2 protein chains.
Amino acid sequence: MIQLRRVSKSYTAFAHASVVLRDVTLDIPTGQFVAIMGPSGSGKSTLLNLIGCLDTPDSGTYELFGQHVDQMSEDQLSMIRLRRIGFVFQSFNLIPRYTALHNVELPMIYARVDPAARTRRAQRALELVGLSQKLAHKPSQLSGGQQQRIAIARALVNDPAIIVADEPTGSLDSTTGHEIMHLFRRMHAAGKTIVMVTHEADIAAYAQRILYVKDGRVSEGVLR
Amino acid sequence: MIQLRRVSKSYTAFAHASVVLRDVTLDIPTGQFVAIMGPSGSGKSTLLNLIGCLDTPDSGTYELFGQHVDQMSEDQLSMIRLRRIGFVFQSFNLIPRYTALHNVELPMIYARVDPAARTRRAQRALELVGLSQKLAHKPSQLSGGQQQRIAIARALVNDPAIIVADEPTGSLDSTTGHEIMHLFRRMHAAGKTIVMVTHEADIAAYAQRILYVKDGRVSEGVLR
Ligand SMILES: Nc1ncnc2c1ncn2[C@@H]1O[C@H](COP(=O)(O)OP(=O)(O)OP(=O)(O)O)[C@@H](O)[C@H]1O
Ligand SMILES: Nc1ncnc2c1ncn2[C@@H]1O[C@H](COP(=O)(O)OP(=O)(O)OP(=O)(O)O)[C@@H](O)[C@H]1O
Ligand SMILES: [Mg+2]
Ligand SMILES: [Mg+2]
């Protein structure tokens, strides 16, 4: 399903280009649950952004669902992102002026889901992450871990084929983190592909496969 | 040094007031390294904001350095925050338009440190968190864990008596997290008081004392 071939990515913000991902070749079969670990600054978020079609490679190819996404227009990519990928950002990216409920409804508004179904699905997603009591709160009225769970709920509402999650338990206490991992396992059992960055070994243990990113290269950990 | 007596805090954003901290009485002696754990939404950041003088109790008293800070003006509190407390925020609170170096210099600009000493101390702090190569980067050009480390560096530059850190390793890989804890241990050995929220047991293990927050109440863990 996810096929990266010799993908490279650099940033050229400064006088010299700095290479972040070097010649990455990676296959993630449909329905696999993968954890990605590695040092701070090694390229994990950059890799996730490529996989989630939020960014495009400088060189190499990316086939997703059998299509060459590296050659697609921004409009085509945004349709794929909206309907087929659910992204949990490392810094959440919630809209400050909207309530928790409205933040979770946003992807469904863009996908033209009717209002009644939208509210029902948003409420259900917030219930799954333990935040039914916080529907009317804005992000500034929520704790860090509550904001993170809003971001997770939002990623699930369009029932995406792939969940791409960047440190989804980074702001959660241990117990809540494991509850979220049980939710991810249920999503996985329902057929979803999950690609998750984490720095915690006992969170990575929920996945079937572990990849390590270091100096822009990807290597295999343990396949179970 | 830190004496909270019967401190309560509620939020009244909605029709009913919701109590977040209830009747908290807590002493943290000068020079102690305390870790605070507890469920998401239990009141840890709210407690840290009170301790760090970023917020005031609704009832009860707070004596810090022998003074009743609960009765101080905002000007007096801001002087204490600037010179005597270094705060690492759960969501970093970096200034997007400033470089890493300038973000770290900001507290020293407010404290009227001369420019040469300022730049030297900012560079030193960034070196201590492993980011000497990123001085000219803006936050959007940095990874999540690099942003977190800028926030840590910034908290150290006015050589505060107290470090208040809200999940300081939440976005860091294991190795870098332990490096930051070794830095905190050195700060502690130099006489600083450290109050740190964390959800990871092996990070809490660096502290001398563990407190648990649950439903707005604080209880003792293990004192070593
Ligand atoms: N401005 C506000 N208005 C209403 N409720 C608020 C406000 N800010 C925070 N809260 C609520 O106060 C409670 C405690 O928040 P706090 O940020 O202290 O929790 P926390 O223990 O730090 O959680 P986490 O581990 O998720 O960071 C939460 O239930 C939150 O929803
Ligand atoms: N816009 C940019 N311009 C220049 N360099 C950048 C830019 N964005 C990211 N970088 C650099 O690219 C490298 C990889 O960043 P990335 O966010 O992928 O790391 P990461 O593995 O997710 O780190 P973390 O674990 O800290 O979140 C970092 O060294 C970062 O400084
Ligand atoms: Mg990252
Ligand atoms: Mg918090």
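Bear in mind that the values here come from a model prediction, so they are computed numbers and not experimental data. The chains referred to below are lettered A, B, ... by the order of the sequence lines, with proteins before strands, and numbering in each begins at 1.
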Self-check item: side-chain contact (heavy atoms from CB on, under 4.5 Å) involving Ala125(A) - partner list, sequence neighbours excluded
Solution: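 With sequence neighbours excluded, Ala125(A) shows a side-chain contact (heavy atoms from CB on, under 4.5 Å) to Val104(A), Ala153(A), Val157(A), given in chain and number order.
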Exercise. Under 4.5 Å heavy-atom distance to chain B, tell me which part of Ala201(A) shows up: side chain, backbone, both or neither.
Key: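 Contact with chain B is absent: no heavy atom of Ala201(A) under 4.5 Å.
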Self-check item: Worked verdict on Val164(A) versus Phe89(A) for side-chain contact (heavy atoms from CB on, under 4.5 Å)
Solution: CA-CA 8 Å; Val164(A) 183; Phe89(A) 295 91; over 6 Å; no
Quiz item: What is the distance from atom CD1 of Ile163(B) to atom CD1 of Ile152(B), rounded to the nearest 0.5 Å?
Solution: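 Result: 9.5 Å between the selected atoms.
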Practice problem: Could you tell me which non-hydrogen atom of Leu64(A) sits nearest to which non-hydrogen atom of Ile51(A), and how far apart they are? | Solution: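 So the two residues come closest at CD2-O, 4.4 Å.
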Exercise. For Ile36(B) and Val195(B), work out which heavy atoms get closest and say how close.
Key: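 Closest heavy-atom pair between Ile36(B) and Val195(B): CD1-CG1, 3.7 Å.
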Exercise. Under the ring-ring contact (aromatic ring centres under 6.0 Å, His included) rule, collect the residues that match up with Phe92(A), sequence neighbours excluded.
Key: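 Per chain and number, Phe92(A) pairs via ring-ring contact (aromatic ring centres under 6.0 Å, His included) with no residue.
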Quiz item: Under 4.5 Å between any side-chain heavy atoms of Leu126(A) and Ile150(A), yes or no?
Solution: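 Yes, side chains in contact.
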Check chain A against chain B and list any donor-acceptor pairs under 3.5 Å.
unit_1    : atom_1 : unit_2    : atom_2 : d
Ser40(A)  : N      : Asp173(B) : OD1    : 2.6
Ser40(A)  : OG     : Arg149(B) : NH2    : 2.8
Arg149(A) : NH2    : Ser40(B)  : OG     : 2.8
Leu172(A) : O      : His199(B) : ND1    : 3.2
Leu172(A) : O      : His199(B) : NE2    : 3.3
Asp173(A) : OD1    : Ser40(B)  : N      : 2.7
His199(A) : ND1    : Leu172(B) : O      : 3.2
His199(A) : NE2    : Leu172(B) : O      : 3.3
His199(A) : NE2    : Glu200(B) : OE2    : 3.1
Glu200(A) : OE2    : His199(B) : NE2    : 3.1

Quiz item: Top residue by heavy-atom pair count (under 4.5 Å) with chain B, among Gly145(A), Gly177(A), Gly43(A)?
Solution: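 Highest number of pairs under 4.5 Å: Gly145(A).
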